[in-house]
2 protein chains.
Amino acid sequence: MRRRTDKRNGGLSRIQEKNRKRILDAALREFSSFGYSGATIDRISHAAGMSKSNLLYYFPSKKAVYAAVLSSILDAWLNPFRMLDPDGDPAREIEAYVREKLNLSAKFPEASRLFANEILQGAPRITNVLEHDLKDLVAEKCAVIKKWIDAGKIRPIEPVHLIFTIWATTQHYADFAPQIRAVTGKDLNDPVFFAETERAISGLILTGLGLTVPDKVPA
Amino acid sequence: MRRRTDKRNGGLSRIQEKNRKRILDAALREFSSFGYSGATIDRISHAAGMSKSNLLYYFPSKKAVYAAVLSSILDAWLNPFRMLDPDGDPAREIEAYVREKLNLSAKFPEASRLFANEILQGAPRITNVLEHDLKDLVAEKCAVIKKWIDAGKIRPIEPVHLIFTIWATTQHYADFAPQIRAVTGKDLNDPVFFAETERAISGLILTGLGLTVPDKVPA
DNA sequence: CCTCAATTTGACCGTTTGGTCAGCTTTTTG
DNA sequence: CAAAAAGCTGACCAAACGGTCAAATTGAGG
């Protein structure tokens with residue numbers, strides 16, 4: 001027989017695993033909609049289909065729930081950036097990165113908004129991550145971009161600003177979706193609008209770097 | 001003698017004028033730091049140098065304070081966009097707009113964060129403004145950009161995405177300042193970093209539009 | 001100085017919210 | 001099946017917060 005606290009599954013029983021996941025799902029929606037202060041563990045618990053007391057059986061406090069949600073999305077958020085390949089073709093690499101980042105904005109807008117909210121409030125809970133993991137990662141990728149510049153493959157630009165520009169533009173379509181909807185009547189869920197957006201951003205950035213947009217399917 | 005409630009000054013006495021301003025200043029800092037839900041009228045009143053009761057003598061509710069702050073910054077926020085001149089040189093117009101927008105991010109980051117916060121929460125209080133005033137304004141400026149494209153002055157791009165890109169990149173440096181500080185150790189208050197940022201963004205966008213960066217002082 | 005309106009405050013109230021606890025129910029296990 | 005552990009809940013508590021009110025203080029005009 002499998003024990004409840006079997007070390008497989010990270011020491012969690014099936015019930016624990018299921019309920020923690022439901023809580024984190026509901027908490028992500030709640031925190032991203034109302035911010036940390038505006039969110040209530042009562043609403044989160046009911047959205048997760050349980051009582052407030054039961055939620056506090058799984059997490060010791062509201063802060064703990066928030067921290068768990070935040071850390072659960074941080075990795076996914078940075079992963080596509082890690083995949084930027086130094087040996088790849090700059091145009092293809094950057095285009096792929098923009099598309100992947102825009103894809104995240106379309107599919108996980110709540111995560112994007114939660115992240116934005118955290119930074120807007122001064123990023124009190126993830127300063128360590130930003131100042132170490134992220135800083136190192138950015139430094140590494142800046143070196144890649146600098147290599148491309150030195151090799152004459154792209155126009156000169158301060159690499160860190162290129163990175164910020166890609167982050168800013170792609171995340172903007174998730175974080176400012178209400179404004180974009182008010183102005184255009186559309187959002188990234190619309191496939192046509194998504195394609196149009198991706199073309200515009202990639203086109204502007206690639207052209208701005210002196211590159212041409214690569215064909216979809218290389219010969 | 002001047003009456004206290006003289007119609008000059010918008011029907012406000014000197015004391016009222018002074019205190020309302022102090023409240024709005026404090027409220028902007030508070031709301032931009034903690035969001036609407038996280039802010040407390042008690043902290044706002046003390047930051048403004050008065051009791052909570054007295055703040056509520058000037059504004060009937062927390063909502064009213066927030067609405068007043070929001071409307072006080074909306075105009076200033078959109079003004080530089082209005083100044084985009086259809087008859088000007090595209091390169092100069094766009095460069096000037098980017099610089100002005102970046103300037104706002106540097107000088108009034110709290111306003112930028114408050115605005116971002118409002119939209120993140122779904123923009124419940126300014127949907128009307130966005131769907132009418134902003135939408136019309138964007139449509140007007142899109143026409144300008146389209147004219148430039150049709151005249152062959154800039155490369156083709158869906159105008160609305162060019163606008164979004166400029167907003168996203170410039171506001172990013174205010175809204176995500178903690179992240180940028182964590183990675184670079186600098187922010188827009190540093191004149192060197194400001195100039196570097198402006199050069200990078202303008203350069204990327206102008207080049208992306210097939211333009212060259214204009215000289216500072218035209219002959 | 002006196003009067004009256006404007007201004008200011010501390011005490012107070014009802015609600016919301018994060019969190020605790022004793023005990024009930026379900027599941028696991030010997 | 002029986003006992004123990006895990007899972008779950010409603011009742012409850014204390015703190016924080018938005019807002020009210022009566023009373024005190026201040027300032028302007030005669």
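Chain letters run A, B, ... following the sequence lines, proteins first, then strands; residues in each count from 1.
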Take the angle between the ring planes of B/His161 and A/Tyr173 and call it parallel below 30°, perpendicular above 60°, tilted in between.
-> tilted
With sequence neighbours excluded, what pairs up with B/Tyr58 under the side-chain contact (heavy atoms from CB on, under 4.5 Å) test?
-> B/Ile15, B/Gln16, B/Asn19, B/Arg20, B/Ile23, B/Asn54
Quick one: label A/Ala64 by what it contacts on the DNA or RNA (base, sugar-phosphate, nothing), any heavy atom closer than 4.0 Å.
-> nothing
Rounded to the nearest angstrom, tell me the gap between atom CD1 in A/Ile41 and atom P in D/dT9.
-> 14 Å
Would you give me the side-chain donor-acceptor pairs under 3.5 Å for residues 184-192 of chain B, sequence neighbours excluded?
residue: B/Thr184; atom: OG1; partner: B/Ile180; partner atom: O; Å: 2.7
residue: B/Thr184; atom: OG1; partner: B/Lys186; partner atom: N; Å: 3.1
residue: B/Thr184; atom: OG1; partner: B/Lys186; partner atom: O; Å: 3.3
residue: B/Asp187; atom: OD1; partner: B/Asn189; partner atom: N; Å: 2.9
residue: B/Asp187; atom: OD2; partner: B/Arg181; partner atom: NH1; Å: 3.1
residue: B/Asp190; atom: OD1; partner: B/Val192; partner atom: N; Å: 2.9
residue: B/Asp190; atom: OD1; partner: B/Phe193; partner atom: N; Å: 3.4

Give A/Phe59 one of three labels, base, sugar-phosphate or nothing, depending on what nucleic acid heavy atoms sit under 4.0 Å from its own.
-> nothing
DNA chain D contacts made by residues 19-30 of chain B, counting heavy atoms under 4.0 Å | none
B/Gln16 vs C/dA6: side-chain N/O to OP1/OP2 distance below 4.0 Å = no
Round to the nearest Å and state the distance from B/Lys62 atom NZ to C/dT16 atom P.
-> 14 Å
Rounded off to whole Å, could you give me the CD-to-P distance for the A/Glu17 and D/dG7 pair?
-> 12 Å
Identify, residue by residue, the members of residues 42-57 of chain A with a heavy atom below 4.0 Å from DNA chain D, and return them in order of residue number, or none.
-> A/Met50, A/Ser51, A/Ser53, A/Asn54, A/Tyr57
Side chain to side chain donor-acceptor pair (under 3.5 Å): pairs with one or both residues in residues 37-52 of chain A, sequence neighbours excluded | A/Glu30-A/Arg43
Could you check how far OH of B/Tyr58 sits from P of D/dT20, rounded to whole Å?
-> 17 Å
Hey, can you pull the donor-acceptor pairs under 3.5 Å for the side chains in residues 103-113 of chain A, sequence neighbours left out?
residue: A/Ser105; atom: OG; partner: A/Thr170; partner atom: O; Å: 2.9
residue: A/Ser112; atom: OG; partner: A/Asp175; partner atom: OD1; Å: 2.7

Residue pairs involving residues 66-85 of chain B (criterion salt bridge (Lys or Arg N to Asp or Glu O under 4.0 Å); sequence neighbours excluded) = none
Check ring-ring contact (aromatic ring centres under 6.0 Å, His included) between B/Phe81 and all other residues, then give those that pass, not counting sequence neighbours.
-> B/Tyr97, B/Trp167
Can you sort out the partners of A/Arg125 under salt bridge (charged side-chain N to carboxylate O under 4.0 Å, His left out), two or more places apart, ordered by chain and number?
-> A/Glu118
